[in-house]
Amino acid sequence: MIVILKPQAPEQKVQQLIRDFEAQDLKIHFSQGESSTILGLVGDVAHVDMEQVLANEVVADVRRISEPYKAANRRFHPQDTVVEVCGRKIGAGYFAVIAGPCSVESQPQMETVAASVKASGAAFLRGGAFKPRTSPYSFQGLEAEGLHLLSAAKKATGLPIVTEIMSEDQLDDFTDVDIIQVGARNMQNFRLLKALGHCDKPVLLKRGLANTIEELLMSAEYILAGGNERVILCERGIRTFETCIRNNLDISAVPVLKRQTHLPVIIDPSHAAGNTWMIEPLSRAAIAAGADGLMIEVHNNPKEALCDGAQSLDMQQFADLMQDLKRRVAFEGRELQG
């Protein structure tokens, strides 16, 4: 439910209204825009008397939200959310590129790639310390040592780091991580989502391989409901009957999500494509569709990569891509972070 306040409503009476709602065990999300001020009510609103609320002298209108996701709903929060991390912003006209290897493999690799992607204009460094793999015999990541190498690369370059968490039990190990990534396979790991709702770090939430947009938003709702409002959504391709590509990048998800939610939306063309030659056109499409950023896999030697080498750009390919993306982002009047 959302309560739209009248312009210039007296602050004292607005605060009294908020206290009245809180007395009914409701959480209040206060959103003040240029043309209106909205109180978003989170909780069991079935017992709220809409006519009584509408009779309040500071209330202009009361509306129930039919969608099951409330806090993630744009009607609940009309203005775009901007997630700021270490002085870098994502959302509402701020465009950011997250780049780095699929998996952390060694100190020389991370030092080389981190320095290169920073020089090319990336705003964040990605790298998998824990790798969920389809086969139990595949490389599973360096785990704790991988986190250490990411932290060392951050100290050397100043790039904030993004890496994937596998379980809520690992939260204490992610102290130095700037953005915690929830992978596609964990999108509906609700215990993990609840735990992330109570942490003080931004969360990058990837859409599952066979999940709907509404299911993605409901997963984001778990995090938001816990009090963590810094959520970034990521479209990384869904599984279809098509076999020519690794995953089918649902580019239409970007405008749909931008219409339905206030949260930033980024695209991962690497996992969608599965091949390096597709990353450039998919990145262009993401910008044109209105995405707030990109997550791109970059490796110093893709042919020798321990994970997903076929979809990883080498450092020169990434540098060339960034030159093209900078022009396109600037043409659209958006600000590239980095």
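Values reported hereafter were calculated over all heavy atoms of this structure, with side chains retained and with hydrogens, waters and symmetry mates removed. By convention here, the first residue in the shown sequence is residue 1.
Two residues are said to be in side-chain contact when any heavy atoms from C-beta on lie closer than 4.5 Å; Val177 and Leu147 meet this criterion. Taking 4.5 Å as the limit, every side-chain heavy atom of Leu205 sits out of range of all side-chain heavy atoms of Leu196. Side-chain contact between Thr276 and Pro302 is absent, with no heavy-atom pair separated by less than 4.5 Å. The closest side-chain heavy-atom distance from Val42 to Leu26 is not below 4.5 Å.
Here the straight-line distance linking atom CZ of Phe130 with atom OG1 of Thr163 works out to 8.0 Å at 0.5 Å rounding. Atom CG of Leu125 sits about 6.0 Å away from atom CG of Leu150, to the nearest 0.5 Å. Distance check: Glu111 CD to Ser106 OG gives 8.5 Å after rounding to the nearest 0.5 Å. Taken to the nearest 0.5 Å, the CG atom of Leu325 stands 8.0 Å off from the CG atom of Leu336. Taken to the nearest 0.5 Å, the CD atom of Glu215 stands 5.5 Å off from the CE atom of Met187. Between Met278 atom CE and Cys244 atom SG the span is 9.5 Å, to the nearest 0.5 Å.
Hydrophobic clustering (ILVMFWY, side-chain heavy atoms < 4.5 Å, transitive): Val203 and Val82 are in distinct clusters. Two different hydrophobic clusters hold Ile65 and Val62 under the rule that ILVMFWY side chains link at heavy-atom gaps under 4.5 Å. When the side chains of ILVMFWY residues are joined at heavy-atom separations under 4.5 Å, either directly or via intervening members, Ile279 and Trp277 end up in a single hydrophobic cluster. Hydrophobic clustering (ILVMFWY, side-chain heavy atoms < 4.5 Å, transitive): Ile245 and Ile267 are in one cluster.
The pair Lys201-Asp176 does not count as a salt bridge, with every side-chain nitrogen at least 4.0 angstrom from each carboxylate oxygen. Ion pairing between Glu168 and Lys194 fails under the 4.0 Å rule for side-chain N and carboxylate O. A salt bridge is defined here as a Lys NZ or Arg NE, NH1 or NH2 lying under 4.0 Å from an Asp or Glu carboxylate O, and Arg284 with Glu280 meets this definition. Salt bridge Lys258/Asp292: present, at least one basic N to carboxylate O contact under 4.0 Å. For Asp268 and Lys206, the salt-bridge test passes: some basic side-chain N is under 4.0 Å from an acidic carboxylate O. Using a 4.0 Å cut-off between charged nitrogen and carboxylate oxygen, Glu57 and Lys13 count as a salt-bridge pair. A salt bridge between Arg63 and Asp61 is present, with a side-chain N of the basic residue lying under 4.0 Å from a carboxylate O of the acidic one.
Not a single donor-acceptor pair under 3.5 Å links the side chain of Ser116 to the backbone N or O of Thr112. The closest donor-acceptor contact from the side chain of Glu221 to the backbone of Ala72 lies under 3.5 Å. Formation of a donor-acceptor pair under 3.5 Å by the Asp314 side chain with backbone atoms of His299 is not found in this model. Lys6 contributes no side-chain N or O that, together with a main-chain N or O of Ala60, makes up a donor-acceptor pair within less than 3.5 Å. Side-chain atoms of Asn186 never come within 3.5 Å of backbone atoms of Asn189 as a donor-acceptor pair (strictly under, hydrogens ignored). Put simply, the side chain of Arg185 never gets that close to the backbone of Leu209: no donor and acceptor are under 3.5 Å apart. Distance alone, capped at 3.5 Å, places no donor-acceptor pair between the Gln323 side chain and the Asp320 backbone. Put simply, the side chain of Gln170 gets close to the backbone of Met166: a donor and an acceptor are under 3.5 Å apart. Of the possible donor and acceptor atoms, none in the side chain of Asn248 sits under 3.5 Å from a partner among the backbone N and O of Arg239. A donor-acceptor pair is defined here as one N or O able to donate and one able to accept, closer than 3.5 Å; such a pair exists between the side chain of Gln109 and the backbone of Ser103.
No donor-acceptor contact under 3.5 angstrom links the side chains of Tyr94 and Glu84, judged on distance only. Judged by distance alone, the side chains of Gln188 and Asn211 do bring a donor and an acceptor atom under 3.5 Å apart. Side-chain atoms of Glu22 and Gln24 include no donor-acceptor pair closer than 3.5 Å. Side-chain contact of Glu67 with Asn73: a donor-acceptor pair under 3.5 Å is present, judged by distance alone. For Ser31 and Gln79, the side-chain atoms include at least one donor-acceptor pair closer than 3.5 Å.
Within a 6.0 Å radius of CD in Glu51, no more than 12 heavy atoms belonging to other residues, nucleotides or ligands are found. In Asp25, the CG atom is not crowded: 12 or fewer heavy atoms of neighbouring residues, nucleotides or ligands sit closer than 6.0 Å. By the neighbour-count criterion of 12 heavy atoms within 6.0 Å, atom CZ of Arg19 is densely surrounded, having more than that number from other residues, nucleotides or ligands. Annotation: Gln107, atom CD; neighbour count of heavy atoms from other residues, nucleotides and ligands within 6.0 Å does not exceed 12. Within 6.0 Å of CZ in Arg64 there are more than 12 heavy atoms belonging to other residues, nucleotides or ligands. More than 12 non-hydrogen atoms from other residues, nucleotides or ligands lie less than 6.0 angstrom from CD of Gln15.
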If you apply the rule side-chain contact (heavy atoms from CB on, under 4.5 Å), what do you find for Arg88 with Leu159, and how did you get there?
CA-CA 10 Å; Arg88 297 158 170 85; Leu159 287 177; 4.2 Å; yes
Apply salt bridge (charged side-chain N to carboxylate O under 4.0 Å, His left out) to the pair Glu164 and Arg126, showing each step before the final yes or no.
CA-CA 9 Å; Glu164 183 173 351; Arg126 62 147 293 155; over 6 Å; no
Any chance you could lay out the side-chain contact (heavy atoms from CB on, under 4.5 Å) test for Leu41 and Ile2, step after step, and finish with the verdict?
CA-CA 6 Å; Leu41 309 186; Ile2 59 174; over 6 Å; no
Taking it one step at a time, do Arg246 and Asp308 satisfy salt bridge (charged side-chain N to carboxylate O under 4.0 Å, His left out)?
CA-CA 11 Å; Arg246 178 174 181 177; Asp308 288 346; 3.3 Å; yes
Phe76/Thr261 under side-chain contact (heavy atoms from CB on, under 4.5 Å): CA gap, chis, key distance, verdict:
CA-CA 9 Å; Phe76 187 95; Thr261 184; over 6 Å; no
Decide side-chain contact (heavy atoms from CB on, under 4.5 Å) for Ile296 and Leu321; before the verdict, give the C-alpha distance in whole Å, the side-chain angles of both, and the deciding distance to 0.1 Å.
CA-CA 10 Å; Ile296 298 175; Leu321 174 63; 3.5 Å; yes
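Heavy-atom minimum distance, Leu224 versus Glu229: CD2-CA, 3.6 Å. Of all the heavy atoms in Leu263 and Ala220, the pair that sits closest is CD1-CB, 4.1 Å. For the pair Phe190 and Ser219, the tightest heavy-atom approach, listed with the atom from each and the gap, is CE2-OG, 4.4 Å. Annotation for Asp178 and Cys86: closest pair OD1-SG, 3.5 Å, computed over non-hydrogen atoms. When all heavy atoms of Ala273 and Leu282 are compared, the closest pair comes out as CB-CD1, 3.9 Å. Nearest approach of Val113 to Gly100, heavy atoms of both residues: CG1-CA, 4.1 Å.
Connectivity analysis of hydrophobic side chains (ILVMFWY, heavy atoms under 4.5 Å, direct or indirect) links Ile90 to Val83, Val85, Ile98, Phe124, Val162, Ile179, Leu204, Ile232, Ile266, Met295.
His262 and His29 have tilted rings, their planes meeting at an angle from 30° to 60° on a 0 to 90° scale.
When Met218, Arg207, Glu235 are each tested for a side-chain contact (heavy atoms from CB on, under 4.5 Å) with Ile213, only one passes: Arg207.
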